[in-house]
Novice: 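Pasting a structure below so you can have a look.
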Amino acid sequence: MAKHPATPGGWHREGWPSLIASWLRSPAARSLLVLLPIVAGFALFQVGKGNNPLLLANLDSFNAWSVWVGCTFAIWIALGVRSLSLVGTVRALFPTAVPAIPQPVMFALAAVYAVAIGSILVAACGSLTNPYYGPLEAHFDARVKVVVFVGVIATVPSVVALWLIAEALQWTQDLLQINTSDSAGQRFDELRTLWGCSMATLGALSLALSAAVVVVAGLSKFLGFQSQDVVLIGALLAAVFVAVYIPTFLAWRSRARQLVDAVYPTPQTGKPDEGWIEGRARMMQLIGLDVGLPTRLSNAVVALAPFEVAVLTWWLAHKP
């Protein structure tokens, strides 16, 4: 069998698994793969809808909503893959540390939590009937349930990443208590990386929840729900997100301040000189403790994004 020549970057290796892996590393292949969840989400509500013009699925607005469901699938999956890479980044910081719960078990627990939350959401929705725009197509409830479970399962990598970040912050605290003078630079880099990973993970969750709010807003329009209900759902999702964000943020600030205090302890005289003040202020700024108002506002916007999107959909629904 003919062999492809190997490239300097190691593009080709013998065997189909390696060849497929090399294709998946190609930006062109990844771009094409994005289309798969979009098509799947659209087809979910279009296949088997029939030709009855009174069916909800034959409305142009419903077709547009189906396209958004597919785009949301793509967003959820892309964010899940991104969070998986963040899990690897966090573990690479502490290769010899052993999590209290093994990583595979973390994924299993997160999946169980996701399925439980999805089941609660499905039970709370009940049977989707009595729409304003005409009868529902067959198995509409089951199709909506698929959307719910795809959404909650897609958050599993982000949840595991946050768990590992929280545990890594605990490892950092233990290391700071043992020794700081010889490893301050390493602890500094670890905290900076953990901050970047936590912001990326929380941003992924915020975007995923915001996309879900838009899906719910479109569904509520077709099923005759009140637009205020969407705002309440957005507020609930934002509250859940903030409940996750605040502990991670406070834990990171505590570790970062602990490092700054270790590197720049208060002088015995209680009279810090100009060099001490400048050095401490510079370190606080570099590590991210001393941030300006624009950064604080941008963090608040990200944290409240699901609620903001819900309010925006409510405003558009009532716009004259």
Side-chain angles (χ1 to χ4, degrees), residues 24 29-84 110-159 204-205 207-225 227 229-230 233-234 237 306 309-310 313 316-317:
L24 293 178
R30 288 199 294 263
S31 298
L32 290 175
L33 288 176
V34 170
L35 294 176
L36 295 180
I38 295 177
V39 173
F42 177 76
L44 179 64
F45 290 95
Q46 296 297 316
V47 173
K49 67 180 183 180
N51 297 319
N52 185 351
L54 296 178
L55 279 175
L56 173 65
N58 288 314
L59 296 174
D60 291 340
S61 55
F62 186 85
N63 293 334
W65 178 78
S66 300
V67 172
W68 175 248
V69 170
C71 294
T72 302
F73 277 9
I75 291 172
W76 286 342
I77 293 173
L79 294 176
V81 172
R82 170 58 177 159
S83 296
L84 279 176
V112 170
Y113 293 154
V115 171
I117 292 172
S119 301
I120 293 172
L121 291 175
V122 167
C125 290
S127 179
L128 303 178
T129 57
N130 193 29
Y132 287 157
Y133 294 93
L136 300 172
E137 70 269 26
H139 309 299
F140 187 83
D141 285 11
R143 302 180 192 204
V144 172
K145 291 175 183 177
V146 170
V147 176
V148 172
F149 283 107
V150 168
V152 294
I153 291 297
T155 63
V156 167
S158 297
V159 172
L205 281 174
L207 181 56
L209 293 176
S210 299
V213 169
V214 178
V215 172
V216 173
L219 185 63
S220 66
K221 174 185 176 182
F222 299 123
L223 299 181
F225 297 160
S227 56
D229 295 338
V230 179
I233 292 173
L237 293 178
V309 171
T313 59
L316 291 175

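This structure is a prediction, so every number in the text was calculated from the model and none was measured.
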Novice: A154: which residues meet the side chain to side chain contact (heavy atoms under 4.5 Å, CB included) condition with it, sequence neighbours left out?
Specialist: W76

Novice: Nearest heavy-atom pair of L237 and P306: which atoms, and what distance?
Specialist: CB-CB, 4.0 Å

Novice: Run the side chain to side chain contact (heavy atoms under 4.5 Å, CB included) test against A110 and tell me which residues pass, sequence neighbours left out.
Specialist: V156, V159, V160, W163

Novice: Starting at CG of L207, measure out to CG of L79 and round the result to the nearest 0.5 Å.
Specialist: 5.0 Å

Novice: Which of these, L36, I38, L44, sits in a side-chain contact (heavy atoms from CB on, under 4.5 Å) with F73?
Specialist: L44

Novice: How long is the straight-line distance from OG of S83 back to CG of L205, given to the nearest 0.5 Å?
Specialist: 6.5 Å

Novice: Taking side chain to side chain donor-acceptor pair (under 3.5 Å) as the definition, give me every residue that meets it alongside S66, ordered by chain and number, with sequence neighbours left out.
Specialist: Q46

Novice: Using the side chain to side chain contact (heavy atoms under 4.5 Å, CB included) rule, take F149 and S119 through it: C-alpha gap first, then chi angles, then the decisive distance, then the call.
Specialist: CA-CA 8 Å; F149 283 107; S119 301; 3.9 Å; yes

Novice: Quick one: pull up OG1 in T155 and CG in L209 and give me the separation to the nearest 0.5 Å.
Specialist: 8.0 Å

Novice: The test is side chain to side chain contact (heavy atoms under 4.5 Å, CB included); show your working for V152 and V115 and say whether it passes.
Specialist: CA-CA 7 Å; V152 294; V115 171; over 6 Å; no

Novice: Could I get the full list of side chain to side chain contact (heavy atoms under 4.5 Å, CB included) partners for V215, not counting sequence neighbours?
Specialist: W65, W68, V69, T72, V147

Novice: For V112, what residues pass the side chain to side chain contact (heavy atoms under 4.5 Å, CB included) criterion, not counting sequence neighbours?
Specialist: none

Novice: Closest heavy-atom contact between I153 and A111?
Specialist: CD1-O, 4.4 Å

